[in-house]
Amino acid sequence: MATMIGVIPATAVLFVLQWLLPFSLEDRVLWQKGIFYNIWLATLFWSFYRINSYKATKEFFVLAGVLFILSVILHFITQSITPLSLIKNHMTNILGVDIALFIFGISLLYISKKLPREREEAKIFWSLKKGRKDEKLI
């Protein structure tokens, strides 16, 4: 689980660190790599601590969603820019990345809300999805 899902919050931390760490920091990339791997390792330990993998998955998605949204906010604050100023200065690629990160963060929060918490709920959740698919074929 840490390999597939735990990497998402670790990646979100990278985006946040992009704006939190000073650009003049010596070995900035080394710090980012170290914190990324430590967060990823923390997700592994959290997966073992939280025996219920459904709860851990929801928590990872919530954490990642919040961090991705926070990275966009930090970008605007630390660089003293607005979406309108990005458009005026023909920096639509940067604005597109910010919008994509924001939408990805929102979608992770939505997914975490929709995922079941317990194994029994998951069985019902996935059987309902399968039932809806079969009804469309008929």
Side-chain angles (χ1 to χ4, degrees):
M1 183 160 87
T3 304
M4 294 186 305
I5 298 172
V7 74
I8 299 172
T11 304
V13 167
L14 277 179
F15 282 96
V16 170
L17 288 176
Q18 177 67 26
W19 304 115
L20 283 183
L21 293 177
F23 288 102
S24 61
L25 179 67
E26 191 171 326
D27 297 327
R28 185 172 191 269
V29 174
L30 185 64
W31 277 97
Q32 287 176 327
K33 285 181 184 179
I35 294 171
F36 169 80
Y37 288 121
N38 282 320
I39 297 294
W40 198 4
L41 191 59
T43 62
L44 173 67
F45 291 136
W46 188 254
S47 299
F48 282 114
Y49 172 75
R50 176 76 70 196
I51 295 173
N52 186 342
S53 62
Y54 296 106
K55 281 185 182 177
T57 302
K58 289 176 79 77
E59 293 165 350
F60 290 160
F61 282 153
V62 167
L63 177 64
V66 168
L67 287 173
F68 277 118
I69 293 168
L70 182 64
S71 71
V72 173
I73 294 168
L74 284 173
H75 176 225
F76 291 138
I77 291 172
T78 59
Q79 300 301 308
S80 301
I81 57 172
T82 63
L84 190 58
S85 67
L86 288 174
I87 292 170
K88 284 182 181 177
N89 294 323
H90 305 291
M91 297 181 182
T92 53
N93 289 342
I94 296 171
L95 180 61
V97 170
D98 284 338
I99 291 170
L101 288 175
F102 189 81
I103 290 172
F104 187 58
I106 295 287
S107 65
L108 287 174
L109 291 175
Y110 178 76
I111 290 169
S112 72
K113 180 92 172 134
K114 289 296 183 182
L115 283 177
R117 286 183 181 254
E118 302 293 331
R119 183 180 176 112
E120 284 70 31
E121 292 175 18
K123 288 179 184 178
I124 295 169
F125 178 78
W126 294 114
S127 66
L128 287 176
K129 297 290 183 186
K130 184 179 178 187
R132 288 184 194 153
K133 190 181 210 182
D134 293 340
E135 289 174 5
K136 289 179 182 176
L137 295 175
I138 295 176

Dump the intermediate steps for side chain to side chain contact (heavy atoms under 4.5 Å, CB included) on Leu70 and Trp19, then the final yes or no.
CA-CA 10 Å; Leu70 182 64; Trp19 304 115; over 6 Å; no

Please assess Phe36 against Val7 for the test side chain to side chain contact (heavy atoms under 4.5 Å, CB included), listing each intermediate value before the final yes or no.
CA-CA 9 Å; Phe36 169 80; Val7 74; 4.1 Å; yes

One pair to check against side chain to side chain contact (heavy atoms under 4.5 Å, CB included): Lys55 and Phe60. What are the steps and the verdict?
CA-CA 9 Å; Lys55 281 185 182 177; Phe60 290 160; over 6 Å; no

Begin from the C-alpha positions of Lys33 and Val29 and carry the test side chain to side chain contact (heavy atoms under 4.5 Å, CB included) through to its verdict.
CA-CA 6 Å; Lys33 285 181 184 179; Val29 174; 3.9 Å; yes

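Under the 4.5 Å side-chain heavy-atom criterion for grouping Ile, Leu, Val, Met, Phe, Trp and Tyr, Leu41 is not connected to Trp31 through any hydrophobic cluster. Taking hydrophobic clusters as Ile, Leu, Val, Met, Phe, Trp and Tyr residues chained together by side-chain heavy-atom distances below 4.5 Å, Leu109 shares a cluster with Ile99. A single hydrophobic cluster is seen to contain both Ile106 and Ile73, as judged by linkage of ILVMFWY side chains at heavy-atom distances under 4.5 Å, directly or through other members. In the hydrophobic clustering of ILVMFWY residues, with side-chain heavy atoms under 4.5 Å counting as a link, Tyr37 and Met4 come out together. Hydrophobic clustering (side-chain heavy atoms under 4.5 Å, transitive across Ile, Leu, Val, Met, Phe, Trp, Tyr) keeps Leu108 apart from Val16.
Between atom NZ of residue Lys88 and atom OG1 of residue Thr82 there is a gap of 7.5 Å, rounded to the nearest 0.5 Å. To the nearest 0.5 Å, the span separating CD1 on Ile81 from CD1 on Ile94 amounts to 7.0 Å. Note that NZ of Lys114 is 14.0 Å distant from OG of Ser107, once rounded to the nearest 0.5 Å. The CG atom of Leu86 sits 6.5 Å away from atom NE2 of His75, with the distance rounded to the nearest 0.5 Å. Atom CG in Leu74 sits 10.0 Å away from atom CG in Leu17 (nearest 0.5 Å). To the nearest 0.5 Å, the span separating CG on Asn38 from CZ on Phe45 amounts to 9.5 Å.
Across all non-hydrogen atoms, the minimal contact from Ser53 to Thr57 is O-OG1, 2.7 Å. Residues Ile35 and Val13 approach most closely at CG2-CG1, 3.9 Å, considering heavy atoms. Nearest heavy atoms, Ser71 versus Leu101: OG-CD1, 4.1 Å. When all heavy atoms of Ala12 and Leu67 are compared, the pair lying nearest together is CB-CB, 3.5 Å. Across every non-hydrogen atom of Thr43 and Pro9, the tightest pair is CG2-CG, 4.2 Å. The two residues Leu21 and Arg28 make their nearest non-hydrogen contact at O-NH2, 3.3 Å.
Within the 4.5 Å cutoff, the side chain of Gln18 has heavy atoms near those of the Phe23 side chain. Considering only heavy atoms from C-beta on, Phe61 comes within 4.5 Å of Ile8 through its side chain. Under the 4.5 Å side-chain criterion, counting only non-hydrogen atoms from C-beta, Leu44 is not in contact with Trp40.
In this structure Phe68 satisfies the ring pair (Phe, Tyr, Trp, His ring centres under 6.0 Å) test together with Phe15, Phe104, sequence neighbours excluded. With sequence neighbours left out, the ring pair (Phe, Tyr, Trp, His ring centres under 6.0 Å) criterion links Phe102 to no other residue.
When the shell of 6.0 Å around CD1 of Ile51 is examined, it contains 12 or fewer heavy atoms from other residues, nucleotides or ligands.
Classified by interplanar angle (parallel below 30°, tilted 30° to 60°, perpendicular above 60°), the ring pair Trp46/Tyr49 is tilted.
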